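Here is the structure we will look at, set down as structure tokens.
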Amino acid sequence: QVQLVESGGGLVQAGGSLRLSCAASGRPFSSYAMGWFRQAPGKEREFVAVISRGGGMTDCADSVQGRFTISRDNAKNTVYLKMDSLNPEDAAVYYCAEGPRRYNSKLVGTYHYWGQGTQVTVSS
């Protein structure tokens, strides 16, 4: 059974930075793309960033381009999301998820295992 555990969320001032981590267990971590999504109150869950199983290909939402960086360490079974220049619109619960094996996806429905989420709050 796949388990994903996020950490690193918290309260930060606008313009600040956070690094989220997601530790995975249950099956070969390096066999799957990994994604980060977020959900703000009253809004749908939305794509943030994705990284291929080997880490060589990444993609992110236009809203975070140039500010957020996704990375992974397959030896540690962990995926990261470094978030810089945070603004109040970035406040949400952030989720990591295990994606397809062979391609990077931005679609929520293509991810079958999800973490419990970590709250990010940005004060203005």
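What you see below is based on every heavy atom in this structure, not just the backbone, and it leaves out hydrogens, waters and symmetry mates. Treat the numbers as computed from the prediction; the structure is a model and nothing was measured.
- The line from SG of Cys60 to CZ of Arg67 is 9.5 Å long, rounded to the nearest 0.5 Å.
- Cluster membership check: Leu18 does not share its hydrophobic cluster with Tyr80, using side-chain heavy-atom separations under 4.5 Å among Ile, Leu, Val, Met, Phe, Trp and Tyr.
- The backbone N or O of Glu44 lies less than 3.5 Å from no partner atom in the side chain of Gln39, so there is not a single donor-acceptor pair.
- Closest approach of Thr118 and Gly9 over heavy atoms only: OG1-N, 3.2 Å.
- Taking each heavy atom of Val79 and Cys96 in turn, the nearest pair found is CG1-CB, 4.5 Å.
- Side-chain atoms of Arg53 and Tyr32 include no donor-acceptor pair closer than 3.5 Å.
- A donor-acceptor contact shorter than 3.5 Å links the side chain of Tyr111 to the backbone of Ser105.
- Atom-to-atom distance recorded for Gln3:CD and Arg27:CZ is 13.0 Å, nearest 0.5 angstrom.
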Original post:
Can you list the steps and then say if Asp90 with Met83 is a side chain to side chain contact (heavy atoms under 4.5 Å, CB included)?
Top reply: CA-CA 9 Å; Asp90 296 315; Met83 306 185 295; over 6 Å; no
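- Residues Ala49 and Leu81 share a closest heavy-atom pair of CB-CD1, 4.2 Å.
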Subject >> Steps toward side chain to side chain contact (heavy atoms under 4.5 Å, CB included) verdict (Asp84, Phe68) >> reply: CA-CA 6 Å; Asp84 296 315; Phe68 290 13; over 6 Å; no
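- The OG atom of Ser123 sits 10.5 Å away from the CG atom of Leu86 when rounded to the nearest 0.5 Å.
- Contact between Gly56 and Ser52 at its shortest, heavy atoms only, is N-OG, 3.2 Å.
- Checked by atom type and distance alone, the side chain of Thr121 never pairs as donor or acceptor with a backbone atom of Leu11 at under 3.5 Å.
- For Phe37 and Trp114, the ring centers sit closer than 6.0 Å to each other.
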**OP:** Starting from the C-alpha separation in whole Å, work towards a yes-or-no answer on side chain to side chain contact (heavy atoms under 4.5 Å, CB included) for Lys82 and Ser17.
**Re:** CA-CA 7 Å; Lys82 179 68 172 14; Ser17 299; 4.2 Å; yes
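- Atoms CZ and OG, on Arg19 and Ser7 in that order, are 9.0 Å from each other to the nearest 0.5 Å.
- Both tests pass for Arg45 against the ring of Tyr95: distance under 6.0 Å to the centre and angle within 45° of the axis.
- Arg102 CZ to Ser31 OG: the interatomic distance, rounded to the nearest 0.5 Å, is 9.5 Å.
- In the hydrophobic clustering of ILVMFWY residues, with side-chain heavy atoms under 4.5 Å counting as a link, Val48 and Val12 come out together.
- For the pair Arg38 and Phe47, the cation does not sit on the ring face, since its NZ or CZ is not both under 6.0 Å from the ring centre and inside 45° of the axis.
- Counted within 6.0 Å of CD on Gln119, heavy atoms from surrounding residues, nucleotides or ligands total more than 12; the atom is thus considered enclosed.
- Thr78 and Asp73 share no donor-acceptor pair across their side chains, judged by distance under 3.5 Å alone.
- The two residues Ala97 and Leu4 have their closest heavy-atom pair at CA-CD1, 3.8 Å.
- Side chains of Val50 and Trp36 form no contact here, defined as non-hydrogen atoms less than 4.5 Å apart.
- Taken from CD1 in Ile51 to CE in Met34, the straight-line distance is 10.0 Å, to the nearest 0.5 Å.
- When all heavy atoms are compared, the tightest approach of Val122 to Pro88 is CG1-N, 3.7 Å.
- Hydrophobic clustering (ILVMFWY, side-chain heavy atoms < 4.5 Å, transitive): Val2 and Phe29 are in one cluster.
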